[in-house]
Participant: 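There's a structure below that I have some questions on.
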Amino acid sequence: QGDLAVFQSLGHIYTVAIKDGEMSGKPKRLTSQNEHFEFYPEFSADGKQIVYTTWHDEKLGTVRLANLRGKSRVISNKPGHYINPVISADGKTVVFEAVGGGYLTTPLYSHDTGLFVVDLKTEKVDKLADSGSNPFFTNDNNRVFYSGTSVSGEVITTQLNSVDLSGNDLQKHYQGEWITQFQVSPDENWLAFVQNYQVYVTPFVRNGKHISTSSGASNLPLENFSEHAGDNISWNKKSNGLSWSMGPNLYQQKLSERFDFLGGEIKVGESDADKEQAPKAQATLITFEVETDIPQGTVALTGAKIITMEEQDGKPWVIENGTVVIANNRIVAVGASDQVKAPANAETIDMSGKVIMPGLVDVHWHGPYTNGQITPQNNWNAQANLAFGVTTTHNPSADTAAVFSSSELQKAGKILAPRIYSTGTILYGATHYFTAKVESLDDAIGHLERMKAAGAFSVKSYNQPRRDQRQQVLEAARQTGLMVVPEGGSLFMHNMTMVIDGHTGIEHSIPVAAIYDDVKQLWSGTQTSYVPTLTVGYGGIWGERYWYDTTEVWKHPLLSKYVPSNILEPVSVRRTKAPLEDYNHFNNARVAAELQNEGVNVLLGAHGQREGLGSHWEMWMFGQGGMTPWNVIKASTIDPAKYIGMDEELGSIKAGKMADLVILDADPMADIQNSDQVSHVMLNGRLYEAATMNQVYPDKVTRPKFYFE
């Protein structure tokens with residue numbers, strides 16, 4: 001709004017002054033409270049107020065209105081799950097969305113969803129529509145625009161509609177396939193929209209019915225404003241300029257710079273040369289520094305068997321009676337207890353009879369982070385994984401905004417979760433909202449630049465149909481310094497071309513029951529890793545189903561403490577049965593072990609199945625395929641740490657590395673199926689009791705209750 005921008009980061013709302021494409025000062029918190037998270041900020045037309053939503057795991061959410069000094073008031077009349085609030089130009093009305101919970105967040109107050117309108121004078125709340133999303137006002141204070149959808153086969157069309165403040169007088173405006181956001185200018189002369197990550201602008205006209213538009217529309221003048229990508233589009237008050245964001249960058253551009261009939265000096269869109277000369281949007285990098293969470297203190301874990309995942313004299317280094325010393329969040333010493341003594345200032349914790357190994361690094365983990373971009377303060381799914389010793393996750397397909405915001409919250413110590421790394425949203429070749437069109441190297445570079453800006457160090461090339469497209473993504477990755485993981489979709493020859501072309505790793509199992517020397521020689525001659533995800537293994541019944549069939553999963557003493565019974569029991573109590581020879585994961589696992597024997601890095605990736613226990617199932621299935629316990633643990637710790645470029649920090653118990661440890665009550669070297677007998681977990685130097693996730697060092701902190709407890 002004018003020279004002031006508002007944004008959400010780390011669970012709170014900030015404002016920052018901007019001048020000539022630079023921050024003119026540091027971002028400032030809007031409020032000073034730390035009780036709840038804050039989301040979805042939106043300026044009033046005069047720039048003097050900000051409407052936003054909040055979330056608290058126990059009290060649920062509110063819609064609030066604040067002045068720029070941070071003084072706020074609640075304008076919603078009951079708790080709920082609220083997103084996307086907007087305020088009318090005259091400052092008299094607020095409209096917001098109410099969505100449901102029930103998985104990561106409580107199901108309470110989830111029945112009455114849709115669009116709601118608040119009269120700020122009377123604070124009366126009325127329902128505007130049973131469905132709809134992304135509401136907004138123009139200068140017309142009596143009409144609300146919003147998006148709806150229609151589905152035809154596999155195609156989803158987004159429609160722009162509007163109603164009056166009573167929810168009546170429906171008017172239809174525009175529609176387009178796979179459009180994620182519409183925004184009409186305040187004077188109602190222009191329409192901006194986002195389709196397949198790009199920002200477009202076209203004149204806004206009224207027709208009485210939906211006018212079709214898209215990136216290829218020729219019915220009205222149309223310009224692409226974004227260079228690589230854009231989101232969160234917003235008009236200025238005069239309706240002559242547009243802003244959008246990509247990662248930490250805020251872009252602003254005047255319409256006259258893109259439409260020559262508005263007085264722009266450069267004609268654009270007629271040739272590649274014209275496009276090169278087109279004025280660039282003003283870009284403002286918005287950043288601020290936040291300290292990562294580092295505990296203070298020194299602790300010595302003594303008397304345990306230590307599986308270091310390091311080697312001495314070319315042999316596995318396992319210490320039968322050892323000590324690990326941690327200062328703050330790093331390991332400073334490890335060795336036999338008669339050689340490594342606890343410093344005088346250290347707290348000593350006796351781990352006699354227990355086994356310590358590095359934290360598990362699961363490099364193919366799909367987990368829930370938010371509910372409609374509402375991040376819970378206490379994520380039961382994340383803590384279940386952590387309780388099972390999964391201290392690092394890499395998610396090769398996740399909502400970009402949800403995963404990277406959660407990663408930052410975790411690093412800052414504002415949520416308790418494993419370390420979070422991700423590709424963000426996949427580079428999808430099939431038709432969808434998030435289709436990543438790749439027809440040239442420049443296209444590929446653009447997609448990788450937008451993902452890198454959002455926080456990715458890896459991308460997932462998924463269903464790009466032609467091999468040259470996948471190769472363009474690989475070359476773009478070399479130029480931008482990113483990893484590329486693909487998925488073969490259960491097509492063996494597809495997988496082999498991915499190996500030949502030099503992908504960082506292959507995600508999901510190759511769908512054959514046996515491999516021979518040709519595949520072994522080819523694969524071992526490359527640096528491509530293999531993440532077979534046996535829990536969802538291709539070519540037959542998933543490995544996950546085997547464990548439902550042969551064990552009473554719903555009774556697992558650790559899992560049942562963290563997973564709501566309505567989520568855990570339906571699939572595990574009334575499970576299907578099959579002859580053991582029908583389970584193809586045995587073949588997938590044998591192939592994985594054979595490739596590991598040939599020197600291929602085979603890695604733990606449990607696909608996010610069954611909240612932490614699935615990572616152990618993956619390990620146990622590696623064992624069923626013929627891997628030794630040491631090699632199973634290697635595939636679950638140090639090798640996946642190498643895969644994501646973090647082996648200097650994670651993956652083994654070595655002085656100088658981060659203090660991510662699993663403490664077990666039984667020895668996985670004797671039987672790999674002891675790996676789930678977790679007593680304690682240390683993440684970043686903080687020690688937690690696995691059965692409760694209460695912190696026991698450096699301070700004693702009781703975990704807040706989950707909504708279902």
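No hydrogens, no waters, no symmetry mates; every other heavy atom, side chains included, goes into these values. This one's a predicted model, so the numbers in the text were calculated from it and none came from an experiment.
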Participant: Quick one: do the Ser245 and Asn232 side chains pair a donor with an acceptor below 3.5 Å?
Facilitator: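 Yes, because at least one side-chain N or O of Ser245 sits under 3.5 Å from a partner of the opposite role on Asn232.
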Participant: How long is the gap from OH on Tyr40 to CD on Glu97, to the nearest 0.5 Å?
Facilitator: 7.5 Å
Participant: Distance alone, cut at 3.5 Å: any donor-acceptor contact between the side chains of Ser133 and Ser147?
Facilitator: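 Looking only at side-chain atoms, Ser147 and Ser133 do not form any donor-acceptor pair under 3.5 Å.
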Participant: Does a donor on one side chain sit under 3.5 Å from an acceptor on the other, for Asp187 and Asn189?
Facilitator: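 Present: a donor and an acceptor within the cut-off.
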Participant: Under the side chain to side chain contact (heavy atoms under 4.5 Å, CB included) test, which residues partner Tyr109, sequence neighbours left out?
Facilitator: Leu60, Lys78, Pro79
Participant: Just by distance, with hydrogens left out, do Gln171 and Arg206 show a side-chain donor and acceptor under 3.5 Å apart?
Facilitator: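 Checked: Gln171/Arg206 side chains pair up, N/O donor to acceptor below 3.5 Å.
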Participant: Could you grab the distance from atom CZ of Arg73 to atom CZ of Arg64, nearest 0.5 Å is fine?
Facilitator: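 Spacing of CZ (Arg73) from CZ (Arg64) equals 12.0 Å.
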Participant: Side chains of Thr157 and Glu177 only: does a donor on one sit below 3.5 Å from an acceptor on the other?
Facilitator: no
Participant: Measure the OG-CD distance between Ser405 and Gln8 for me, rounded to the nearest 0.5 Å.
Facilitator: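 If we round to the nearest 0.5 Å, Ser405:OG and Gln8:CD are 7.0 Å apart.
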Participant: Centre-to-centre under 6.0 Å for Trp178 and His432, is that the case here?
Facilitator: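 For Trp178 and His432, the ring centres are under 6.0 Å apart.
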Participant: Considering the options Phe145, Phe193, Phe182, Phe204, which one meets the ring-ring contact (aromatic ring centres under 6.0 Å, His included) requirement together with Tyr174?
Facilitator: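 With Tyr174 as partner, Phe145, Phe193, Phe182, Phe204 yield a single ring-ring contact (aromatic ring centres under 6.0 Å, His included), made by Phe204.
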Participant: Between Lys460 and Glu487, is a salt bridge (Lys or Arg N to Asp or Glu O under 4.0 Å) present by the stated rule, with each step listed?
Facilitator: CA-CA 8 Å; Lys460 186 171 185 177; Glu487 184 170 328; 2.7 Å; yes
Participant: Would you verify whether the NZ or CZ of Arg143 falls within 45 degrees of the ring axis of Phe137 while also being under 6.0 Å from that six-membered ring's centre?
Facilitator: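 Relative to the ring axis of Phe137, which defines the angle, Arg143 lies outside at least one limit.
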Participant: Looking at Glu291 and Lys411, does any basic side-chain N land under 4.0 Å from a carboxylate oxygen?
Facilitator: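 Salt bridge between Glu291 and Lys411, a charged N being under 4.0 Å from a carboxylate O: no.
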Participant: Assess the residue pair Leu30 and Val6 against the criterion (side-chain contact (heavy atoms from CB on, under 4.5 Å)); give the C-alpha distance rounded to whole Å, side-chain angles, the decisive distance to 0.1 Å, and a yes or no.
Facilitator: CA-CA 9 Å; Leu30 177 67; Val6 63; 5.9 Å; no
Participant: How about Lys452: does its NZ atom have over 12 heavy atoms from other parts shown lying under 6.0 Å from it?
Facilitator: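 More than 12 within 6.0 Å, yes.
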Participant: Going by atom types alone, do Glu449 and His228 pair a side-chain donor with an acceptor below 3.5 Å?
Facilitator: no
Participant: Set out, in order, the CA-CA distance, both residues' side-chain angles and the distance that settles salt bridge (Lys or Arg N to Asp or Glu O under 4.0 Å) for Glu408 and Lys414, then state yes or no.
Facilitator: CA-CA 9 Å; Glu408 291 178 347; Lys414 294 182 179 292; over 6 Å; no
Participant: Who passes side-chain hydrogen bond (donor to acceptor under 3.5 Å, both in side chains) against Glu569, sequence neighbours left out?
Facilitator: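 Checked Glu569 against side-chain hydrogen bond (donor to acceptor under 3.5 Å, both in side chains); zero matches.
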Participant: Determine whether Leu160 and Lys172 satisfy the following criterion, side-chain contact (heavy atoms from CB on, under 4.5 Å), listing intermediate values before the conclusion.
Facilitator: CA-CA 6 Å; Leu160 178 64; Lys172 301 177 180 180; over 6 Å; no
Participant: With a 3.5 Å cut-off and no angle check, do the side chains of Asn385 and Tyr562 form a donor-acceptor pair?
Facilitator: no
Participant: Keeping to residues at least two apart or across chains, list the ring-ring contact (aromatic ring centres under 6.0 Å, His included) pairs with something in residues 66-85.
Facilitator: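 Checked against ring-ring contact (aromatic ring centres under 6.0 Å, His included) - neighbours excluded - the pairs reaching residues 66-85 are Trp55-His81, Tyr82-Phe96.
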Participant: Around atom CD of Glu35, are there more than 12 heavy atoms of other residues, nucleotides or ligands at under 6.0 Å?
Facilitator: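 Result for CD/Glu35: enclosed.
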Participant: Excluding sequence neighbours, so at least two apart, what forms side chain to side chain contact (heavy atoms under 4.5 Å, CB included) with Ser131?
Facilitator: none
Participant: Within the 3.5 Å criterion, strictly below it, is a donor on His173 or Ser162 matched to an acceptor on the partner's side chain?
Facilitator: yes
Participant: Run Thr93 and Val118 through side-chain contact (heavy atoms from CB on, under 4.5 Å) and show every step you take.
Facilitator: CA-CA 6 Å; Thr93 309; Val118 186; over 6 Å; no
Participant: Rounded to the nearest 0.5 Å, what's the gap from CG on Leu255 to OG on Ser239? Could you check?
Facilitator: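 These two atoms lie 8.5 Å from each other.
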Participant: Looking at Lys127, I want to see if its NZ is surrounded by more than 12 non-hydrogen atoms of other residues, nucleotides or ligands under 6.0 Å.
Facilitator: yes
Participant: Verify whether the ring centers belonging to Tyr52 and Phe39 lie closer than 6.0 Å.
Facilitator: no
Participant: Go through the steps to decide whether Tyr421 and Trp365 satisfy the test ring-ring contact (aromatic ring centres under 6.0 Å, His included), and finish with yes or no.
Facilitator: CA-CA 10 Å; Tyr421 303 103; Trp365 183 86; over 10 Å; no
Participant: Could you tell me if the ring centre of Phe37 sits under 6.0 Å from that of His56?
Facilitator: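 So the answer is no for these two rings.
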Participant: Going by atom types only, do Gln33 and Glu38 share a side-chain donor-acceptor pair under 3.5 Å?
Facilitator: yes
Participant: Can you list the residues that meet the salt bridge (Lys or Arg N to Asp or Glu O under 4.0 Å) rule with Glu289, with sequence neighbours excluded?
Facilitator: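 Listed in chain order: nothing, the list is empty.
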Participant: Report the C-alpha distance between Glu58 and Lys705 in whole Å, list the side-chain angles of each, state the deciding distance to 0.1 Å, and finish with yes or no for salt bridge (Lys or Arg N to Asp or Glu O under 4.0 Å).
Facilitator: CA-CA 9 Å; Glu58 296 178 11; Lys705 286 186 176 182; over 6 Å; no
Participant: Just say parallel, tilted or perpendicular for the rings of Phe7 and Tyr14, cut-offs at 30° and 60°.
Facilitator: parallel
Participant: Report the distance from atom NE2 of His366 to atom OG of Ser397, rounding to the nearest 0.5 Å.
Facilitator: 5.5 Å
Participant: Can a donor-acceptor pair be found between the side chains of Gln252 and Ser243 at a distance below 3.5 Å?
Facilitator: no
Participant: Verify side-chain contact (heavy atoms from CB on, under 4.5 Å) between Asn134 and Thr180, making sure each step is shown before the conclusion.
Facilitator: CA-CA 9 Å; Asn134 297 308; Thr180 51; over 6 Å; no
Participant: Under the salt bridge (Lys or Arg N to Asp or Glu O under 4.0 Å) test, which residues partner Glu42, sequence neighbours left out?
Facilitator: none
Participant: To the nearest 0.5 Å, how far apart are OG in Ser44 and CG in Leu68?
Facilitator: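 Reported to 0.5 Å precision, the distance equals 7.5 Å.
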Participant: Looking only at side chains, do Asp164 and Ser166 share a donor and an acceptor under 3.5 Å apart?
Facilitator: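 Yes.
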Participant: Verify whether one side chain among Thr54 and Thr62 offers a donor that lies under 3.5 Å from an acceptor in the other.
Facilitator: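 Their side chains do contain a donor-acceptor pair, which is all the 3.5 Å distance test asks for.
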